[in-house]
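Taking it in order: structure first as structure tokens, then the write-up.
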Amino acid sequence: MSYKNWKIEKDDEDICWLHLDVAGSSTNILRSDVLDELDDVLNDLAQSLPAGIIFISDKSNGFIAGADIKEFTKVTTHEQAIEMLNRGHTVMNKIESLPCTTVAAIDGYCLGGGMELALACTYRVMCDNKSTRVGLPEVKLGIHPGYGGTVRSIQKAGPMAAMNAMLSGRLLQGRAAKRMGLVDDLVPRRQLKRAARYFVINRPRHRQLPLKDRIMNHRLVRPFIAKQMRKQVAKKAARQHYPAPYKLIDLWQSHMDNPRRMLEKEIESVASLFTDDTATNLVRVFFLQEELKTQGNKKDFKPAHIHVIGGGVMGGDIAAWCALRGFRVTVQDQKAEALAGTMKRSMHMFKKKFKKDRRSIREAMDRLIPDTTGMGIAHADLIIEAIFEDKDVKQSLYKEIEPHMKAGSILATNTSSIPLEELSTCLEQPERLVGIHFFNPVALMPLVEIVRGENTSDDTMKKSLAFGRQIDKLPLPVKSSPGFLVNRILMPYLMEAVEMVSEGIAPEMVDKAALQFGMPMGPIELADTVGLDVCKSVATILSAGDTLSLPKKMQSMVENKKLGKKTGEGFYKWSKGRPIKNKNASYGNMQELQDRMIMRLLNETTACKREKVVEGDDLIDAGIIFGTGFAPFRGGPLHYIYAQGAADLSSRLNQLKDRYGERFEADKEWAKLNTTN
Ligand code: NAI
């Protein structure tokens, strides 16, 4: 019998090697047809049972990456979710109850549904290379494992380790997975098949869960542990915004005594999450991320040498990040101490990233070359300028370096606010100037805005987008207009927060209102972290148009050198890198605070849509989620407007305008949104 996705190969020792090579997909995913076929394969094999079955991937890029997330978007009713989950359970249970030994031979990613399949096998062996990882990351999509993975991972790794892995969604490398008991052996790739065969033939005894784990699984102990787990989760995610981790804890607490029952309840629990807004929106965010990835094609440009000018906060980290991603980088600054600082910070970044892998740290350091005289300019395929935010200073640098630049090389500026058309007037070849706008801190922020000026050529744009992917960032093409997309959207929201503090409302309350909406950090804490001088200069540029006015409070704090975290005092006093907050602060109408900030953000979003700062609703939402951390479970600001109803929200804007003034004037775009809604 031949199958579309599975290939059966029997060897001399009566072992069946079950190869997975999903048709029409570059990665192995558990699409429903793949699962249906596996069901048939297992029925066939049960007719004349082999000595053992070894699951192995024929794709070079991994074992199984998980379920097919595209199929998730088609699940719109509870019944459909139950049907999909039942299908998975039937197959996994069948694997588990086969009378012969089953082994998953894992090389490359083994995630989600793929991991659940591996867990249903008698044994799991895993390659010990860096590209092989296992994990149950379902919470990131607003659900939890739903093909029996909750029960089986806890049975194998114990409640603490398994719940920790599922609640965080973290991916695990071999050593951690073996230590936990999620996999049985760790071997070099060349020995993977031999190790899998060993397990079939010898059937070694399974490790028993340590006593500590068995106690924690006990009916009387679980409520205490579950309470602790909920407390930990609550520090990161509120139940009303992210229900999945809480449902997982409830499931374990209520049913771990009876694994059969827990399997049934797992289906109900995941099905109830599936059709919930959070999961729908997080799946949307997953696809938005995929869309950003397609903006640049890595093949279009791979610079052999990058030269960064400016070794300050941004330039230093940009240079380090590029070296970390494998590029040869020269970094130039007019001050030797700035370069010394860059090298020191880079070492810190590399150590954090590569941990004890000294070789990788040394190689990254070797790729990063301090350059006091600008020797790198003539060799670079890409020059990234990150010097002071001053048009004249930038232009005089451009005039100096352009004659030395290699033919065909690109000049990118990290400016936060100066329009490219203004910067490029001094250039002989303005078409080679582009904005590559990184966010602070460079190592943590996934987005880069790729800014097209009026003169930027298509080729420069295409190569810059490709470069964004080369350094593993999410590149967003944006039009050169003040503040581009992210700062433009963020500033009215931040300024409204500052305005409220000027009115006497405690900063703690303003931040709390934003956190309650689902923002990752309150705006006042964010302003203090970024630096009030930086916020002021971006806001000043934006206020040159008519979009924004600068609160007086901001002005006076900058004059008094209260710049935030870096000076030890801003809106908050700072100690050991943390703001000191008054726990007793209170305010009556939190909804009003939230509305004032969020409505300004939404209003600016609609203006950007009208001006086509970014093409298309999805890219606007993607940029704002990945550039500002805008509550991912809400699916992005435009999606939020559509979901809440544009008419209701614009009438709320009108109320706010009556109360607080012109800055709440609804953008013209709302009228259109009202009609398309
Ligand atoms: P910074 O003041 O920390 O660093 C600027 C560095 O450039 C200094 O070390 C200075 O010595 C050097 N420099 C100035 N003129 C030079 C020249 N002609 N040749 C060589 N080196 C020169 O500034 P920061 O914050 O790194 O900002 C740099 C650029 O990045 C600005 O355009 C800023 O708007 C932009 N940006 C800043 C962000 C932030 O959070 N700080 C975020 C995103 C963009």
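Both counts, for ligands and for their atoms, begin at 1 and track the order of listing.
- A323 approaches A364 most closely through the heavy-atom pair CB-O, 3.9 Å.
- Of all atoms in ligand 1, numbered sequentially from 1 with element shown, those under 4.0 Å from a heavy atom of G310 are 7 (O).
- Contacts with ligand 1 closer than 4.0 Å are made by heavy atoms of both the backbone and the side chain of S416.
- Residue-to-ligand polar distances keep A338 apart from ligand 1: every N/O pair is separated by 3.5 Å or more.
- Distances between N or O atoms of K335 and those of ligand 1 include no value under 3.5 Å.
- Under the side-chain contact (heavy atoms from CB on, under 4.5 Å) rule, E385 has a single partner from L397, I436, T415, N414, which is L397.
- Between L288 and D618, the shortest heavy-atom contact is CD2-O, 3.5 Å.
- In terms of polar-atom proximity, M314 is counted as a contact of ligand 1, with an N or O under 3.5 Å from an N or O of the ligand.
- For atom 23 (O) of ligand 1, the nearest protein heavy atom is 4.0 Å or more away.
- Remark: the S457 side chain and the Q429 side chain contain no N/O donor-acceptor pair separated by less than 3.5 Å.
- Here K536 contributes atom NZ and M557 contributes atom CE; the two are 13.0 Å apart, rounded to the nearest 0.5 Å.
- Of the N or O atoms in D333, one or more lie within a sub-3.5 Å distance of an N or O in ligand 1.
- Scanning all protein heavy atoms for the shortest distance to atom 32 (O) of ligand 1 gives E389 OE1, 2.5 Å.
- The heavy-atom pair separating E400 from H404 by the smallest distance is O-CD2, 3.2 Å.
- Within the listing of ligand 1, atoms 3 (O), 4 (O), 6 (C), 9 (O), 26 (O) sit less than 4.0 angstrom from a heavy atom of G312.
- Ligand-side atoms of ligand 1 in range of H437: 43 (C), 44 (C), range being under 4.0 angstrom from any heavy atom.
- Atoms of ligand 1 found under 4.0 Å from any heavy atom of F438 (numbered from 1 in listed order, with element): 43 (C).
- Residue contacts with ligand 1: K394 is placed with a nitrogen or oxygen under 3.5 Å of a nitrogen or oxygen of the ligand (distance criterion only).
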message: For a side-chain contact (heavy atoms from CB on, under 4.5 Å) check, start with the C-alpha distance between K293 and L474, then their side-chain angles and the critical distance, and finish with the verdict.
response: CA-CA 6 Å; K293 286 184 187 165; L474 301 171; 3.8 Å; yes
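- Considering only non-hydrogen protein atoms, atom 35 (C) of ligand 1 sits nearest to N414 O, 3.3 Å.
- Every atom of ligand 1 with a heavy atom of T415 under 4.0 Å away is listed here by number and element: 32 (O).
- Contact annotation: for N440 versus ligand 1, heavy atoms closer than 4.0 Å belong to the side chain alone.
- The shortest contact between atom 31 (C) of ligand 1 and any protein heavy atom is with I387 O, 3.2 Å.
- Annotation: atom 25 (O) of ligand 1 to nearest protein heavy atom, V313 CB, 3.9 Å.
- Given atom 20 (C) of ligand 1, the protein heavy atom at minimum distance is Q334 N, 3.4 Å.
- When non-hydrogen atoms are compared, ligand 1 lies under 4.0 Å from neither the backbone nor the side chain of V530.
- With values rounded to the nearest 0.5 angstrom, F438 atom CZ is found 7.5 Å from K473 atom NZ.
- Other residues, nucleotides and ligands contribute more than 12 heavy atoms inside 6.0 Å of the CZ atom of R663.
- A donor-acceptor pair shorter than 3.5 Å cannot be found between the side chains of E592 and Y587.
- A donor atom on one side chain and an acceptor atom on the other are not found under 3.5 Å apart for W321 and D472.
- Of all protein heavy atoms, the one closest to atom 2 (O) of ligand 1 is F388 CE2, 3.5 Å.
- The shortest distance between side-chain heavy atoms of H437 and V486 does not fall below 4.5 Å.
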